[in-house]
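Counting convention: from 1, in listed order, for ligands and their atoms alike. What you see below is based on every heavy atom in this structure, not just the backbone, and it leaves out hydrogens, waters and symmetry mates.
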Amino acid sequence: MRIEGIPASPGYAEGPLFDLDRPRARYKAKAGAAEEKAALEGAIGKAIGRLAALVEAADGDVAGILEFHIAMLEDDALSGPAFASIGSGQPADVAWRAALDSEIAGYEASDQDYFRARAADLRDIRDQVLRALSEDSEVAAPPGAILYGEDIAPTRFLETDWSEGGGIALRAGSTASHVAMLARSRGVPMVVGLGIPDGPRTGVALLDAERGGITFSPSPAEIEAFRQSASLFADRQGAAQTFLTEPAMTKAGTAVRVQVNIAYPSDVDGIDVATCDGIGLMRTEFLFGKTLPDEETQYRAYRRVLEWAGDKPVTIRTVDAGGDKPVPGFTVEETNPFLGLRGIRLSLARRDIFRVQIRALLRAAIHGNLKVMFPMIATPDEYSQAAALFAQEQAALAALGVAQKLPPLGIMVEVPSVALAPEAFADAAFFSIGSNDLTQYVMAAARDNAAVAHLNAVRHPAVLRLIAAVAAFGREKGIPVSLCGDAGGDPAAIPALLEAGLRDLSVAPAQLAMAKAAIADVAV
Ligand code: PEP
Ligand code: MG
């Protein structure tokens, strides 16, 4: 039986099934409320201790996720309701579970992918403390197992030994979750949104995280076909590594620039600058976490990336909050956030916040080869207004004697109005095609909705025709055009993108080698 889902981290896994949701050991209730409270305090402390030990051994983003969990556990606002119910007679485990479940339900009900993805973090915290309460030590999955269930906790992922393979198959889950990000960076195959019927399953399964699916109780013929696909995938990956250190070039000898996309400044730590042509997209909305970052925090983050890149270009995008990326204290509640106040629209509506980012960028510009681009541009007026703010802030900094530089200012081409009438944007220093949004707007198929994923196709002739038109316009007017949507790193889309005239792609770091290998196979 094969069940379809959404690939969240590419690869193949064949192995025994391991049920993530199997029942746990029970908590033994104490004599009174005071002891119950002490038990909960002790369990929270124990969970924090375990996480702190994991932080010691972790690096970069992983440590960041764990520290986020510790901060949540230390937050009285989270544990307060549980202690209150213990006071009114509930045992510690029931009180903690109820308090966390109600918090989780709030996140799960959100229509925004970002908040739904954070529900997994809360479930992780809930289970860490329940485990500490019941002294239940986690039963380890057998080596190479396929972990399946509703969702998986980030700490569970980190504690699992993936050295002998294995994979993750989830009923819920999200490609935008922290675990999905970890799985991609560690190369662990993962599929989400699988309609697996409830109930335990046994035996061996086949996880196809390239196309997105799982096969239970496979027949010998299915196993044979699966192994062939897996071995082709492994061959492609192995062969791709040899391309990593070379400049990208097609079969016909056409040079293609390949840059990388990053979200956090620390992402550059894992990338050899020699393997890419620069940063084609730094998404800055992830710097805008729980609180809005001040000018100094932003300046340091941008400077760090610019210094890493040396002479190579670094394209930093001004904050693209809204849509599927809400920022507390900045974005607004909307019924249709993808068509609402997001990207440059929000920045122009909240100039106080936008000006802080502009000053940080102007100051950072002296430390490298910076380019700045605006997201979600729909009209030339938005570009002019944003450019005018850069000029104003530059003059203000210069008057104060602060070192600064005006970087080239370009635009994302991701709203169909721009792709259809690019001539109105001939003032922009460069174009970067955001194929994720351009595709969802052209096809009227939300990028985060599995039910319409089949419509969200960058290779649809309507999308490709627009991309080709933008590339042709850029060539005619001498405006550099690149593409920084996920399609740029997708080997299946790369031939069509190059045929559409693109010669500059920006891809996720994990896709760099495969993208270069795919380019080498194209005949243009
Ligand atoms: C895009 O839309 O293709 C893009 C690169 O921007 P984001 O995915 O951040 O919206
Ligand atoms: Mg976009």
Salt-bridge present (E295, R355; N to O < 4.0 Å): no
Got the closest protein heavy atom to atom 8 (O) of ligand 1, with its distance? R447 NH2, 2.6 Å
Give the atom numbers and elements of ligand 1 that come within less than 4.0 Å of a heavy atom of G434. 1 (C), 2 (O), 3 (O)
Taking only heavy atoms of R283, which atoms of ligand 1 are found under 4.0 Å from at least one of them? 4 (C), 5 (C), 6 (O), 7 (P), 8 (O), 9 (O)
Which word best sums up how the rings of F330 and F288 line up, parallel for under 30°, tilted for 30 to 60°, or perpendicular for over 60°? parallel
Ignoring hydrogens, what is the shortest heavy-atom contact between A378 and S417? Give both atom names and the distance. O-OG, 2.9 Å
Shortest non-hydrogen separation from A471 to L502 and the atoms involved: CB-CD2, 4.2 Å
Report the name of the N/O/S atom of E414 located nearest to the Mg ion (ligand 2). OE1
Nearest 0.5 Å, what's the CG-CZ distance between L389 and R359? 11.0 Å
among protein heavy atoms, the one nearest atom 3 (O) of ligand 1 is N436 N, 2.8 Å
Establish, for the pair R363 and Y299, whether the NZ or CZ atom is under 6.0 angstrom from the six-membered ring centre and no further than 45 degrees off its axis. yes
So, D208 and R2, do they make that salt bridge, N to O below 4.0 Å? yes
State the atoms of ligand 1, each with its element, that fall below the 4.0 Å cut-off from a heavy-atom position in D320. 10 (O)
Charged N to carboxylate O below 4.0 Å: is that the case for R350 and D352? yes
Using the ring of each side chain (for Trp, its six-membered ring), is F431 parallel, tilted or perpendicular to F473, with breaks at 30° and 60°? parallel
At what distance is the nearest protein heavy atom to atom 6 (O) of ligand 1, and which residue and atom is it? R317 NH1, 2.9 Å
M412: numbered ligand 1 atoms lying under 4.0 Å from its heavy atoms: 4 (C), 5 (C), 6 (O)
Just which atoms of ligand 1 are under 4.0 Å from any heavy atom in C484? 5 (C)
R342 near ligand 1, heavy-atom distance under 4.0 Å? yes
Backbone or side-chain N or O of E414 under 3.5 Å from ligand 1 N or O: yes
Does only the side chain of I433 get under 4.0 Å from ligand 1, or the backbone, or both, or neither? Count heavy atoms. neither
Below a 4.0 angstrom heavy-atom separation, can you tell me which part of L281, side chain or backbone, both or neither, approaches ligand 1? side chain
Any N/O/S atom, backbone or side chain, of D437 lying under 2.8 Å from the Mg ion (ligand 2)? yes
